[in-house]
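See below for the structure under consideration.
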Amino acid sequence: MCTSICYSPSDHYFGRNLDYEIAYGQKVVIVPRNYEFEYRELPTQKSHYAFIGVSVVNDDYPLLCDAINEKGLGIAGLNFQGPNHYFPKMEGKKNITSFELMPYLLSNCETTDDVKEILADASILNISFSDNLPVADLHWILSDKSGKSIVVESTKSGLHVYDNPVHVLTNNPEFPDQLIKLSDYADVTPHNPKNTLVPNVDLNLYSRGLGTHHLPGGMDSSSRFVKVAFVLSHAPKGKDEAENVTNYFHILHSVEQPKGLDEVEDNRYEYTMYSDCMNLDKGILYFTTYDNNRINAVDMHKADLDSKDLICYDLFKKQDIEYMN
Ligand SMILES: C[C@H](CCC(=O)NCCS(=O)(=O)O)[C@H]1CC[C@H]2[C@@H]3CC[C@@H]4C[C@H](O)CC[C@]4(C)[C@H]3C[C@H](O)[C@]12C
C-alpha cells in the first residue's frame, strides 16, 4: 500500500509513503535538463525540465516512484492492481509506457492543466522496461504549485483523469469509489461530540477525541484514504519551512505501516519503507525512512541542473540517535 498527499499551508508539499515488502534499491535522483530521454513510441528528447525524486536506476535510466520538476509539478505512482489495465499500441494516440509516464509529464508539463491537455490523446502502453522487470500496475496522483491535484487511472474503459479535491491517494478501489466512501465518515470531527444519541441523559464523555472515534485505523487502502484525508484537511499551517515540513511528516506518518501488521504472504510484511516531502515551490526533497527517523534533504537547485548525467544520493540509511549522556 502507499499513501500520497499534497499539503498546501503556503508553499505546496507533495510526496508519499512507499509501503511494500521488496526494496528495489531506490535512491534520491536528480534528472538534469540535458539528460536525454529515448521513449519507446515518442520522439527522443534531448532537453527538458529538470526534476528530483525517488527512483530505481536501471541501466542509467530513472525508473521513478515519485518526483517533482523545477516548475512545481509533482507526480507519484501507487499500486493499482486489479482495476488497472494498460493497452497495446493504439494508432492515432500518444503511446506512453507506464514507466515513461512520470518522466514524460515532468519533462513537458508545468501544471496539472498541461497534464490534462497532454493526456487527452494518450494511451498507456503495456510494455515492460526490460524482460527482468514486471510491468507495474499503477495509478498516479499529480499536484502543482497552484494547489490543484488530479488522479490518472488507466482501466479497461480507457484513460481517466479526475480532479482530486481531497489531495490524497492510496490504492484500490478506483478513485471515484474512494471519494464516495468518504461520506460514510462525514461526521468525524476534531471537536468533542455533542450528545445527540440520548439527549436527555447526561453522558459522561469519558475521553478527549471522541469526535474521531469512528475514524478508520486499518492498514487497508480505504482506511488510509479516509484517515489521511481527515488529518490533512485539519492540519494547521506552520509559520516557516521547518514547521511546515514537520507538520507534513506528521500527516503522512499518521498512516504509516509499522512492520508486522500487514502480512502479504507467510511471514512477509509490507511496511513503510520511506516517506518523502517535496516542496513544489522550492525544489527541495525531504525524506525519512523506516530505519532513519531523521529528516534528510536534497535541494535540486544546489546541483548542476544543466548537466547530462543523473545525480544520485543514498536514501536508505542507518538510524541516527543523538545520545545525550
Ligand atoms: C511497489 C510500489 C508501490 C507500493 C504500493 O502501492 N504498494 C501497495 C501494494 S498493494 O496495493 O497492497 O498491492 C511501486 C510504486 C512505483 C513502482 C516502480 C515504478 C518504476 C518501475 C516500473 C517498472 O515497471 C517496475 C519496476 C519499478 C521500479 C516499479 C517497482 C514498484 O512497482 C514500485 C516501486
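Scope of the values below: all heavy atoms of this structure, side chains included, with no hydrogens, waters or symmetry mates. As the structure lists them, so they are numbered: ligands from 1, and atoms in each ligand from 1.
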Worksheet item: Taking side chain as C-beta onward, heavy atoms only, is P62 less than 4.5 Å from Y35?
Response: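 With C-beta onward as the side chain, the pair touches.
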
Worksheet entry | Minimum side-chain heavy-atom gap L64-P103 below 4.5 Å |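 A side-chain contact exists here, since the closest heavy-atom pair is under 4.5 Å.
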
Discussion item. A quick test of your reading: do over 12 heavy atoms of other residues, nucleotides or ligands sit less than 6.0 Å from CD of E117?
Written reply: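 Check fails, neighbour count at 12 or below.
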
Discussion item. For K282, is the NZ atom crowded, meaning more than 12 foreign heavy atoms sit under 6.0 Å from it?
Written reply: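 Atom NZ in K282 is crowded, with more than 12 foreign heavy atoms closer than 6.0 Å.
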
Discussion item. Is the contact between S128 and ligand 1 made by the side chain, the backbone, both, or neither, using heavy atoms and a 4.0 Å cut-off?
Written reply: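 It is neither part, as no heavy atom is under 4.0 Å.
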
Would you mind running through ligand 1 and noting each atom that sits below 4.0 Å from a heavy atom of [X]?
X	result
V56	28 (C)
L63	20 (C), 21 (C)
L64	19 (C), 20 (C)
C65	34 (C)
C2	3 (C), 4 (C), 5 (C), 6 (O), 7 (N)
E270	9 (C), 12 (O)

Worksheet item: Would you call R33-D304 a salt bridge at under 4.0 Å N-O?
Response: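 No salt bridge links R33 with D304.
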
Worksheet item: V151, L179: one ILVMFWY side-chain cluster at the under-4.5 Å cut-off?
Response: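 Same cluster.
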
Fill in: Results of side chain to side chain donor-acceptor pair (under 3.5 Å) for R294 - residues two or more places apart only
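Testing R294 for side chain to side chain donor-acceptor pair (under 3.5 Å), a comparison that skips the adjacent residues, returns D320.
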
Is [X] in polar range of ligand 1, meaning some N or O pair under 3.5 Å apart?
X	answer
R16	no
L78	no
A136	yes
D19	yes
N79	yes

Discussion item. Quick check for you: to the nearest 0.5 Å, what is the distance between L315 atom CG and K317 atom NZ?
Written reply: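 L315 CG to K317 NZ: 9.0 Å, rounded to 0.5 Å.
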
Worksheet item: Under 6.0 Å between ring centres, would you say that holds for Y248 and H250?
Response: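 Centroid distance Y248-H250: not below 6.0 Å, so no.
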
Discussion item. Looking at ligand 1, would F129 count as a contact under a 4.0 Å heavy-atom criterion?
Written reply: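 The answer is no: ligand 1 sits nowhere under 4.0 Å from a heavy atom of F129.
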
